[in-house]
Amino acid sequence: MSKTKKTTTLNRRDLLGTLGATVGGMMVLNHAVAQENNPAEHVADSASEIRLTEMRTHLVQHKVYVELMTNMGVTGWGEVSALVPTAAEVLARKMFDLLKGENPTRIEFLWQKLFRAHRDMRGGPFMSHTIAGIDMALWDLTGKLWGVPVYRLLGGPCRDKVKVYPTSKSHKVPPHGVYGHAINPDEVERMVNAIKRTRDQVGPDGTVMFDAHCAVPPAALIQLAAAVKAYDVLFMEEVAVPGNIEVFKRLKAAIDIPLATGERDHTIWEFIPYLHEAAIDVLQPDVAHCGGITQMKKIAVLAEAYHVPLAPHCTTSPLGATASLSVGASIPFLLIHETAPGALKWGEQFMNRPWSVDDTTAYATLPDGPGLGVTFDVEKMQAIAADPNYEWKWPEIKLEDGSIADY
Ligand SMILES: [Mg+2]
């Protein structure tokens, strides 16, 4: 019997003693009796006594996987992505100081506890990506505890399947290089031709997107956008490095193709200016960057209020991708969802992927649970982690003249 039920019984007895058979008393009594007849009252709250006991971290090449353990044997897994992995592992382990002994089903409370733990460290990629991994693990654990896929905990599915790319019918064109401000006509032509080729490949009923990857300067982008109008590009992605909303406003005013961004932005606070300033048509939070499932769902709510759909950025292994698809399944305004075939294949060496893609229709199935539905082959994972030939290196992207390039 749960503690809640005991309290209800005590209240009922108290009420009988103090209120007697007055009309008001009978009404309250009837309410108490109704509560007692409520089937939900008789369900033991299996979440109430569960506590986090340990965090295991698994550093596998460029990734860190966090594994949360509990006193009830239920575990949860999360993916920490796109950081210096050795630093991310140390940070995740130190963050567990704040989680030990806590109830893992209090996901919002724990997100707040981590994010607001240190006034000078909140926000930014290191905190946000690491919290994202832990947040995924909490949702995974809670879904397993209740025996449902995570999207069921997020309000249930808004759709039966999720449109994804890349497939034979949906493809995003990369910028094919990095470009300085003195871009030449042949370089613009290279991008135009790539977009044209892709439109020919997917056909008139297919989807073409372009990712500028912050590697194309504003003037060249404006020129490019005008030249590819005929190929019906769904959106131009990452038209500028985040930081100055005025740049996005300027591009939005000059480009006649929908603009998308968001993969480098963290938490609801970094997404607000795009919406508030009407500077973006599509938002692209990455579940592993923005602060996890908890933040991505909130970003989707903000975007919904501005009639802006999400096209989630997603370059994670099956675990992170499943977390992202779970949010994608549960929100009303979803345009299309990214998958990264290379990252999925890499992860599938040591974990399953609980959803599949129909290449001819460009739709993914909803992920099977419970939780995120991803299980790990720890031995295989450890073998890959032990590969002596792998070394994490900083990207070094330069222009022809030797200067540093955005990418
Ligand atoms: Mg991108």
Side-chain angles (χ1 to χ4, degrees), residues 62-63 79 81-83 125 128-129 132 162-167 170-179 190-191 194-195 198 202 207-218 220-221 224-225 228 231 233-245 247-248 251-252 255 257-267 270-271 273-274 279-291 295-296 299-300 303 308-317 320-321 323-325 327-328 334-347 357 362 364 395 397 405-407:
H62 56 306
K63 297 279 186 187
E79 177 173 342
S81 200
L83 296 177
S128 303
H129 294 207
V162 179
K163 186 90 170 273
V164 296
Y165 69 90
T167 68
S170 53
H171 202 82
K172 191 167 76 186
V173 179
H176 290 278
V178 289
Y179 305 91
R190 183 161 77 212
M191 291 184 272
I195 291 168
T198 305
V202 300
T207 304
V208 177
M209 297 146 278
F210 176 75
D211 191 350
H213 224 264
C214 301
V216 188
L221 262 180
L224 174 70
V228 298
Y231 307 121
V233 175
L234 184 67
F235 56 70
M236 294 183 92
E237 169 176 328
E238 280 213 290
V239 288
V241 178
N244 183 357
I245 194 67
V247 179
F248 288 85
L251 289 167
K252 177 73 192 128
I255 292 178
I257 290 174
L259 302 185
T261 201
E263 65 182 83
R264 300 199 208 180
D265 295 296
H266 315 106
T267 76
E270 290 185 21
F271 282 85
Y274 300 119
I280 212 76
D281 302 285
V282 178
L283 277 184
Q284 301 181 295
D286 184 311
V287 74
H289 301 177
C290 72
Q295 279 300 293
M296 190 167 156
I299 291 159
V308 167
L310 258 56
H313 176 265
C314 189
T315 52
T316 38
S317 71
S324 187
L325 277 172
V327 179
L334 183 80
L335 184 64
I336 194 166
H337 195 293
E338 184 173 28
T339 67
L344 294 176
K345 200 172 164 203
W346 176 83
V357 176
I397 314 293
D406 283 317
Y407 76 101

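As the structure lists them, so they are numbered: ligands from 1, and atoms in each ligand from 1.
When each of E270, Q284, E238, H289 is paired with R264, the side chain to side chain contact (heavy atoms under 4.5 Å, CB included) condition holds for E238 and for no other. The one candidate from T198, I195, I257 that meets the side chain to side chain contact (heavy atoms under 4.5 Å, CB included) condition with Y231 is I195.
Closest of all the heavy-atom pairs between T207 and K163 is OG1-NZ, 4.0 Å. Considering every non-hydrogen atom in both I336 and S170, the closest pair reads CD1-CB, 4.2 Å.
Listed by chain and number, the protein atoms of type N/O/S under 2.8 Å from the Mg ion (ligand 1) are D211 OD2, E237 OE2, E263 OE1; waters are omitted.
The main-chain N or O of H176 is found under 3.5 Å from a side-chain atom of R190 such that the two form a donor-acceptor pair.
Between C290 and I299, some side-chain heavy-atom pair lies under the 4.5 Å cut-off.
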